[in-house]
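Notes to accompany the following structure.
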4 protein chains.
Amino acid sequence: MSDNRITFLIQCADSKGIIAKVTTFFYEEGFNILTCQQFTDNVQDAYFMRVSLDARDLTYSREELASKFDEVALSLKLEWRVYYSEDKQNVAVLASKTSHCVFDLLEKHSEGMLNCHIPLIISNHQDVKYVADQFNIPFYHLPVTADNWTEQQQEIKRLLEFHKVDLVVLARFMRILSSDFINAYQRKIINIHHAFLPAFQGANPYRRAYERGVKMIGATAHYATDDLDEGPIIEQDVERVSHASSPAGLTQIGSDIERKVLSKAVKFHLDHRIIVTGNRTIVFPETEG
Amino acid sequence: MSDNRITFLIQCADSKGIIAKVTTFFYEEGFNILTCQQFTDNVQDAYFMRVSLDARDLTYSREELASKFDEVALSLKLEWRVYYSEDKQNVAVLASKTSHCVFDLLEKHSEGMLNCHIPLIISNHQDVKYVADQFNIPFYHLPVTADNWTEQQQEIKRLLEFHKVDLVVLARFMRILSSDFINAYQRKIINIHHAFLPAFQGANPYRRAYERGVKMIGATAHYATDDLDEGPIIEQDVERVSHASSPAGLTQIGSDIERKVLSKAVKFHLDHRIIVTGNRTIVFPETEG
Amino acid sequence: MSDNRITFLIQCADSKGIIAKVTTFFYEEGFNILTCQQFTDNVQDAYFMRVSLDARDLTYSREELASKFDEVALSLKLEWRVYYSEDKQNVAVLASKTSHCVFDLLEKHSEGMLNCHIPLIISNHQDVKYVADQFNIPFYHLPVTADNWTEQQQEIKRLLEFHKVDLVVLARFMRILSSDFINAYQRKIINIHHAFLPAFQGANPYRRAYERGVKMIGATAHYATDDLDEGPIIEQDVERVSHASSPAGLTQIGSDIERKVLSKAVKFHLDHRIIVTGNRTIVFPETEG
Amino acid sequence: MSDNRITFLIQCADSKGIIAKVTTFFYEEGFNILTCQQFTDNVQDAYFMRVSLDARDLTYSREELASKFDEVALSLKLEWRVYYSEDKQNVAVLASKTSHCVFDLLEKHSEGMLNCHIPLIISNHQDVKYVADQFNIPFYHLPVTADNWTEQQQEIKRLLEFHKVDLVVLARFMRILSSDFINAYQRKIINIHHAFLPAFQGANPYRRAYERGVKMIGATAHYATDDLDEGPIIEQDVERVSHASSPAGLTQIGSDIERKVLSKAVKFHLDHRIIVTGNRTIVFPETEG
């Protein structure tokens, strides 16, 4: 998606005619609809829509488009957001000691697969500094002691604000962020949980997976919420394992799942494919080349 | 999908406004659009659409709906078909000696997962008669000799016509149907090929997979065409294997893939999720409960 | 594995020379070792072994083999069991209302893939009687009321004893067996849990999976223990799902995983591939054709 | 596997007593057998064995161990090789323009997951130089013209010899190596083929996969042989795709499979888990922590 797109994310109560009216609006404004995806949740009686347009068809200002669409939205009682792919988002990566997720994000970024800037990496340890250095990303070391976590969170916040960060990625960041922090970045913090949630919530899931003798292990990327490990799930994956895998072996297999799942979730977010509803996510599948 | 639906499958060259005009038509005719799925093929510049409607909203005759929609279709140059879920299709199963695919189809049918009638099973052997008997499906044994294959195909055709068969499923049927036969049932014959096509086309794929030492084996369901093993692929799946699997072991693992893949492909067809374009299929994913 | 095998399952504390001494014993007794699989659990410092022999090499009585091997076992402090593949086990299937697992077991059995007899199916409902009838398996209907569950369990036990049942398969049997019952059949009851344990233990896992918006669902086959849903896991599998799957859709996808996982677990048990240690299973992979 | 191990790879015709005699030898020499894996190929009547020992138990010289084991080997007609994990192998990476496989190898190497040195990267282009620089690996740019391929292969050979290279990894290297070159490094060149072989051998497999409308794509790592794309397969994997993936989308999905499959194959080789027999590989599964 190097090309120039406008993406609308829309949600509302289900009723007749929404798709007709929305698509007619875009047609009459001269847009070519590149993709139009809908989902009707019959359990909640809710309707979700993602429309992606060719930005070259926009012949007037963004403000004008917003105000015109708002008329449709008001009459149909739509909640909506619009995103322009040429506005690259700023992504901050928070890490602790393990490097695999950081590596994968920076590598995919450097190969052009994540449409964003990564202005900084923050860590409470020095271990992944060399990865940041390799990719020439500014690295901030904010060591955390028994006493300074509140102040260091303030410092992180200051850095995020200074760098105008749109998305915070917790790439195996092992500190628990305060409610205040999380609420300031609602649905803008993606965490990777090193387990196939809701199994093995909390610490040491691979050890516990070993003790329980599970035959598959997995990882889960989700939006961070106040309620630890309980935020809306974005992506999950698993790998088959056996009795023969030690806790250390499971950790290694798990690392490969974690990096893959986290990078996918970040990409879905950056491509504006996700709508959160209650504690669930609607993730519209990729259909563009 | 026990409920009552009308499904339109539409294809045309891509141009602005199609979705707006099509959905506006259904809205103005009083329909609640249950699902609306589109796919734009940028390589071929083609547009594909599947619209599913609540049949209870149809307040006039089927003919009237067809003739009204035809006006839209003419102006937009659409190719289209419409299906009513209450018209259960008649499915004939053709089998030879192995029973696993027949079992799976009849079982899923008897559990209500395939929206069709199965008026008959035809085989050139007696081996699967007991399965047909178990499920109370009329079984026709048409033994094939060196000389009588042409006549037996006539007989099969006669049976299919008598039973008003809409779909022929080749459930590991080991005879090659004539071009005449296949052309009489274009895109109405689904075959299961016991390999992950296009790998190992032709006979004995599991033996050849063993000799080649592959690490995964698979199966492919496709529409039968004149060009053997080359018809549009509907569904595929694979399973991990190892050096430790003998040709017989691979065959057994393969059987479980074959049955699963064939049943899925038949269900996609019966639910009108498939549009064939060139030698490819567009398979719209299941999104209804 | 239609052929005639003798299988030894062995476990002990890890120490030098076990494999040499055990394999030397079989060699000196004139056996061809068909497969010899070991696993050393470094966490528990335990050693597990599965040896499978060609039964045609047994030139004396079973008792003699047992008593000879016992000498080796005593000196090495081995726990061991021996199984003769020609002794087909008797398997009882317990079901409630849903048929998919029963279908899969009976079908695989009738295709010769499960080395056992199935002398009876017991259910607290009539719903799967037609499946039992189809496959000509005696069906016992034991309806359960608020008051009679203790007596009906006695009746089930009586039936199992009468039919000399070696393995009880709970094929979506929805009643909770008493501790007494379970303890009478320790490691001889296989249950299918309709979730990827330990996620969503207990009832309605598909509904809860929907509400949690998970991206994969799965099923778990395990030995039944006193502690519900906590017995040693034998086999698990998952399938990718999306927001688009309703609770009913998830149930259907889940059914296909359940049947596959349960049949696999039963086969592993019947082929004597499983050693239970603590709350884990060692499942030696299939390596014979 | 940071620990110190001795690994024997053994193959021979199947006969009684091999495992007893081999394991008795190691036991009597005072070794603790860490893992002992066997595979009997009943089709070829061949026997394969991998024994891994604790190197701390070696109380005499490597030469002495070799000469002692050779006596056993002669009497049993074994082919065998022995490897010491403390002898790190030298791996050369050959690349062209795409970076994803190079990235993955260097990253896994830098995280300690590949037990080897990587003394150099060679490429016919400059595109991946920045990756080599990032990881501080010497990079050799050997541009290839219509005329100089023979000389440049000589130069590559010279570099490999100078750096005492044990394994050559073709990480999407797009030039065809001469028979002479390949024969000089028999079973020491691992190639990644960007298709699920034997499907879509040759060029542009993702384009052809698109045109054929396949529902899964994959990649294959194999030893390079004279016969292009036909060498013994080491590892394969696939990912589900749909009609919605363009050739470019398939390429991207494929890249993620390629990197994973290639890194796995390289790890299997470095851990001495592979025995080649005919055109197949025996890959003993990982069982150590």
Side-chain angles (χ1 to χ4, degrees), chain A residues 1-3 5 8 10 13-54 56-57 59 72 75-76 215-216 238-242 244 282-289, chain B residues 1-3 5 8 10 13-54 56-57 59 72 75-76 215-216 238-242 244 282-289:
Chain A
M1 290 224 316
S2 57
D3 47 1
R5 280 165 190 260
F8 279 79
I10 296 163
D14 192 24
S15 75
K16 278 189 190 179
I18 297 168
I19 183 169
K21 287 168 187 164
V22 170
T23 56
T24 298
F25 168 80
F26 290 121
Y27 173 59
E28 290 179 346
E29 295 299 318
F31 284 103
N32 191 19
I33 293 179
L34 297 174
T35 63
C36 174
Q37 298 170 289
Q38 307 101 57
F39 169 61
T40 306
D41 186 330
N42 294 316
V43 178
Q44 297 180 51
D45 217 29
Y47 182 81
F48 305 89
M49 192 171 179
R50 180 182 184 268
V51 179
S52 125
L53 309 168
D54 192 329
R56 291 168 304 185
D57 294 336
T59 55
V72 182
S75 75
L76 294 170
K215 303 308 180 191
M216 304 187 103
V238 298
E239 197 85 29
R240 187 164 283 276
V241 298
S242 83
I282 312 302
V283 182
F284 292 106
E286 263 174 299
T287 56
E288 305 94 354
Chain B
M1 290 223 316
S2 57
D3 46 1
R5 282 164 188 262
F8 279 80
I10 297 163
D14 192 23
S15 76
K16 278 189 190 180
I18 298 168
I19 181 169
K21 286 169 188 160
V22 169
T23 56
T24 298
F25 168 81
F26 290 121
Y27 173 60
E28 289 178 346
E29 295 299 319
F31 283 104
N32 191 20
I33 294 178
L34 298 174
T35 63
C36 173
Q37 297 170 291
Q38 307 102 56
F39 169 60
T40 306
D41 186 330
N42 294 314
V43 178
Q44 298 180 51
D45 217 29
Y47 182 82
F48 304 89
M49 193 170 178
R50 179 181 185 269
V51 179
S52 127
L53 308 168
D54 191 330
R56 291 167 303 184
D57 294 336
T59 54
V72 182
S75 75
L76 294 170
K215 303 307 179 192
M216 303 186 102
V238 298
E239 196 86 26
R240 188 164 282 276
V241 297
S242 82
I282 313 301
V283 182
F284 292 106
E286 261 173 300
T287 57
E288 305 95 353

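Taken from CG in B:L34 to CD in A:Q38, the straight-line distance is 12.0 Å, to the nearest 0.5 Å. Interatomic distance, CE of A:M49 versus SG of B:C36, reported as 8.0 Å (0.5 Å rounding).
For A:A20 against B:Y27, the heavy-atom pair with the smallest separation is CB-CB, 4.0 Å.
Proximity to chain B (any heavy atom under 4.5 Å) is shown, for A:T24, by both the backbone and the side chain.
Around atom CZ of B:R240, more than 12 heavy atoms belonging to other residues, nucleotides or ligands sit under 6.0 Å away.
Using a 4.5 Å heavy-atom threshold, the side chains of A:I19 and B:I33 count as touching. Between A:K16 and B:F31, every side-chain heavy-atom pair lies at or beyond the 4.5 Å cut-off.
For B:E29, the salt bridge (charged side-chain N to carboxylate O under 4.0 Å, His left out) partners are B:K68, not counting sequence neighbours.
Ranked by heavy-atom pairs shorter than 4.5 Å toward chain A, the options B:D57, B:V43, B:T23 are led by B:T23.
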